[in-house]
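What follows is one structure encoded as structure tokens, with my remarks underneath.
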Protein chains: 2
Amino acid sequence: MTETAPSYKDPLFEPLTRQSASHRISTVIEQKILRRSLRPGDALPTETELAEQFAVNRSTVREALRRLESAGLVGREGGAKRLKVMRPGHAETASRVGRTLALDDVTFIELWEAMRAVAPRVAALAAERGSAADLAALEAIVSAVETARAAEGAVTHVVEFFGKLAELSGNRVLQLAMQPVMRLLAPSLRRMIDRVPQGRTRILVAQRCIVEAIREHKPDEAESWMTRHVQDFRRGYELAGIALDTRVGIGTMAD
Amino acid sequence: MTETAPSYKDPLFEPLTRQSASHRISTVIEQKILRRSLRPGDALPTETELAEQFAVNRSTVREALRRLESAGLVGREGGAKRLKVMRPGHAETASRVGRTLALDDVTFIELWEAMRAVAPRVAALAAERGSAADLAALEAIVSAVETARAAEGAVTHVVEFFGKLAELSGNRVLQLAMQPVMRLLAPSLRRMIDRVPQGRTRILVAQRCIVEAIREHKPDEAESWMTRHVQDFRRGYELAGIALDTRVGIGTMAD
DNA sequence: AGGACTATATTGTCCGACAATCGGACTATC
DNA sequence: GATAGTCCGATTGTCGGACAATATAGTCCT
């Protein structure tokens, strides 16, 4: 007899039946990582050792490891063999968020609204904090946008621009928020640039103004320029005849 | 000789050569899900069938499944045996984002800046779109904040308030962005309310104004009230003597 | 038809095995 | 001495088979 009968209407205590061994193992390791007992960079014991310590079969350990791997808590560097504890990279988390949103049939307008909220503040923060070196990197990206031949490449650099900006803002939360949004936005952005001839020029002008505001440490200007920039995007989409409630597709989740 | 020599500073062309069979399998299934060939609710073939179809061992399939499971793309309902395709819930994704941020030692100020960016826009959108029924729910939460005895409960309802607001905004991207931020903010918010006597009153006043603005469909007012509200939070923290660069801890990641 | 009972299918785990290959140690060569 | 080549053990990825537990489906009884 296991403890059945949580017959109370407590919907949060139901499904705590027996969890599989592999699940418990991944939980234990996960806790160790979250509690900092295992820290990023540390190498995990070998599968055989883990199997011995947990007194289970190696296959069971392996399933637990796959789960942690997918969660981004452990992983390999390069072609290494041993697994290491990793800090779940923003890239990975971002791609997960992107996946969730894509499966939710999020529409373009929702993404745009998110950009509308976040990007201006990011620009303002970047203007407050950006250093000279950062600025140089940003400018490099702007020229890359300018010289890029195909729309394809230009879009890549536009995404980079926002990414770099988020980095400059020094705010990892906003950084993490913006990443998946830009990723999902990218494909339709590409279409937009393809169809609207003056699109690239307008983007370039806006980027230059923003960079200028950042250089002179004028947060307000950076913010208002970015606001206009984002609004320009929307106009571009309308000009390109892209419906605002278009569902975003699944980008290449290459991780 | 494989292509070694990534001696160039091109960190994007890593030798992502051969991936393990289990990895490829999980990727293939993931694609099928993202492409909607497999849709949420569908049951996956049994492990044995998958093993046959992919012409690999069942253990290999299992590792792939554990990975997908951890990604929230497949899972079980209740004590079921078969795996089903699932839509990765926002809650789960949000808690994962929270974990990433917590492990990153994100500071309070970063979270606050995110709120500063997102919340006002969310309020504005809610004012544009909120229906009567939604409004009633929102008001219920506000009174819950008012009548809650302990700071504990009040904070819970404050978090709910923002959650509901995000829901009203009709924007799932912003909703997903705000959720983990509020979750991470909650513990310190609780301390703040404990230490600053007038904290709760100010929160209540702001909430009422925001609700009012939403009822009358005045986005601009809702936005500016929310801006003030968020700024009030920060002042509260300063009054409470909480350093702005305090790292947020790992909350209860109960999933 | 509904409920109890049985059989089957499916999962979770275990065992033992093997090829591939990564990490080093060790050696030969310049 | 530094570099290149070779060898060996350790470790991973995969395999095939096995078994207990149990969810699911089918069967029987009333």
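Letters A, B, ... are given to chains in the order of the sequence lines, protein chains preceding strands, and every chain is numbered from 1.
When each of Ala80(A) and Ser59(A) is assigned the nucleotide of DNA chain C bearing its nearest heavy atom, the one mapping closer to the 5' terminus is Ser59(A). Position along DNA chain C of the nearest nucleotide to Thr46(B) versus Ser22(A) favours Thr46(B) as the more 5'-ward residue.
Protein atom CZ of Arg66(B) is 16 Å distant from nucleotide atom P of dG13(D), rounded to whole Å. Per the geometry, NZ belonging to Lys84(B) stands 17 Å off C1' belonging to dT11(C), to the nearest Å. Spacing between atom CZ of Arg58(A) and atom P of dT14(D) amounts to 11 Å, rounded to whole angstrom units. Following rounding to the nearest Å, Leu65(B) (CG) and dT14(D) (P) show an atom-to-atom distance of 14 Å. In this entry the distance linking CZ of Phe54(B) with P of dG13(D) reads 18 Å, nearest Å. We find that CG of Leu83(B) is positioned 9 Å from C1' of dT11(C), with the value rounded to whole Å. Here the C1' atom of nucleotide dA9(C) and the CG atom of Leu50(B) are 15 Å apart, to the nearest Å. Going from atom CG of Asn57(A) over to atom P of dA18(D) covers 16 Å, rounded to whole Å.
Each of dA9(C), dG13(D), dT14(D) was ranked by its minimum atom distance to the side chain of Arg76(A); first place goes to dG13(D). When distances are taken from the side chain of Thr60(A) to each of dT13(C), dT10(C), dG13(D), the shortest belongs to dT13(C). Candidate nucleotides dT12(D), dT14(D), dC14(C) were compared by shortest atom distance to the side chain of Val56(A), and dC14(C) ranks first. Distance from the side chain of Ser20(A) is smallest for dT13(C) among the nucleotides dT12(D), dT13(C), dA23(D).
Atom CD1 of Ile29(A) is separated from atom CG of Leu73(A) by 10.0 Å, given to the nearest 0.5 angstrom. For the atom pair CZ of Arg82(B) and CD of Glu47(B), the computed distance is 10.0 Å after rounding to the nearest 0.5 Å. How far CZ of Arg35(A) is from CD of Gln31(A): 4.5 Å, rounded to the nearest 0.5 Å.
Each of Glu69(B), Arg67(B), Gln19(B), Glu63(B) was compared with Ser26(B) under the side chain to side chain donor-acceptor pair (under 3.5 Å) criterion, and only Arg67(B) meets it.
For dT11(C), neither phosphate oxygen OP1 nor OP2 lies less than 4.0 angstrom from any side-chain nitrogen or oxygen of Arg62(B).
One cannot find a donor-acceptor pair under 3.5 Å joining the base of dT24(D) and the side-chain atoms of Lys81(B).
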(request) List the steps and the verdict of side chain to side chain donor-acceptor pair (under 3.5 Å) for Ser59(A) and Asn57(A). (result) CA-CA 5 Å; Ser59(A) 311; Asn57(A) 191 281; 3.1 Å; yes

